[in-house]
Amino acid sequence: MTSSETLLQVRNLKKYYPIRGGVFGRKIGEVKAVDDVSFAVKKGETLGIVGESGCGKSTTGRSILRLEEPTAGEVEFEGADLTKLSGEEMRRMRRELQMVFQDPFASLNPRQTAGSIIEEPLIVHGLGDAKERKEKVKELLSVVGLDSYHAGRYPHQFSGGQRQRIGIARALAVNPKLIVADEPVSALDVSIQSQVLNLLEDLQETYDLTYLFIAHDLSVVRHISDRVGVMYLGRMVELADRDELYEHPIHPYTRALLSAVPVPDPDAKRERIILTGDVPSPTNSPKGCAFHTRCPHVMDICREKRPEFKDQGSGHFAACHLTEA
Ligand code: SF4
């Protein structure tokens, strides 16, 4: 259940990658993969982050866990700024913050059995003796809907959905508080997707988990999230409670994204907004509002001034000059 307590507070997070060129490999530019992103995740909630590929949503997740070192910003988790922790402190903190990856096949070592994959984090964090760890692995397999005999099998002997269950069991092994799930169902068949989403929901209830759920699929994000943030070109452009965002989107980019999602009711009319122009490169992010090159409502100010990401009322955040008009 979502509480009012904040578990994770991200402030002004930036992740820039230098571009080097010339004979001396000098820095000639930078890719602004995450460009000044701020948001909070409450204890027990699922915050979905949605956006097209390359919008910086995965880099945001990875920078929070410091799988990528952030360029700037703060990531406050239970009172500690993760960006300031030493390597050793961060390793210990990883027990609390786990990640579930998109491609379960790539993220599981093909030469390790499912049992040893799930046991590994317990060994890394020095939890339990060999017997206790075996018991824990058995319990985790059953929790994610697998059988104990699966412990002796290798990743290639499982289906995609089962492999993702192993990835989830591995993340759960150390009793984390926060799980960053990066496109956890996008590599799976649609029929399997909802089973894995339902499993994640059940586990959240049982283990009091908080999720940061990153995906490009708006329907998947709607299914699982309590609140949803929309990213475009490294920036968070809108964030609100799920139903509020899907029913009353403010930002022109969110409106365009949602207009492309099929509506279940054939009588419900929704005008499709076709965006023209390509997504600009994050190496050459437009001045002002990053969306101005494609926005159907662009004004002069949009080309000059970056709109502030601010609360438009009742926790519905948006960054758009239209809200100031
Ligand atoms: Fe469009 Fe301007 Fe709003 Fe950006 S700030 S989304 S360009 S209206």
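What you see is a predicted model, and the numbers here were worked out from it, not measured in a lab. Counting convention: from 1, in listed order, for ligands and their atoms alike. When a residue number appears, it is its place in the shown sequence, counting from 1.
Using a cut-off of 4.0 Å between Lys/Arg side-chain N and Asp/Glu carboxylate O, R62 and E68 are scored as salt-bridged. Classification of R170 and E120 as a salt-bridged pair fails, no side-chain N sitting under 4.0 Å from a carboxylate O.
Using bins of under 30°, 30° to 60° and over 60° for the plane-to-plane angle, the ring pair Y253/H251 lands in the perpendicular bin. A tilted orientation is assigned to the rings of H150 and F158, their planes being inclined by 30° to 60°.
Side chain of K15 to main chain of E69: a donor-acceptor pair is present (N/O by atom type, distance under 3.5 Å, no hydrogens or angles).
Atom 1 (Fe) of ligand 1 has no N, O or S atom of H297 inside 2.8 Å of it.
Atom CG of D129 has more than 12 neighbouring heavy atoms from other residues, nucleotides or ligands inside a 6.0 Å radius.
Counting only heavy atoms of the protein, atom 3 (Fe) of ligand 1 lies nearest to C320 SG, 2.3 Å. Given atom 5 (S) of ligand 1, the protein heavy atom at minimum distance is H321 N, 3.2 Å.
The residue from C302, P296, A290, P252 that puts a heavy atom closest to atom 7 (S) of ligand 1 is C302.
Residue C295 has at least one heavy-atom neighbour below 4.0 Å for each of these atoms of ligand 1: 1 (Fe), 6 (S), 7 (S), 8 (S). Ligand 1 places these atoms under 4.0 Å from at least one heavy atom of C289: 4 (Fe), 5 (S), 6 (S), 7 (S). Counting atoms of ligand 1 from 1 in the listed order, those under 4.0 Å from a heavy atom of H251 are 6 (S).
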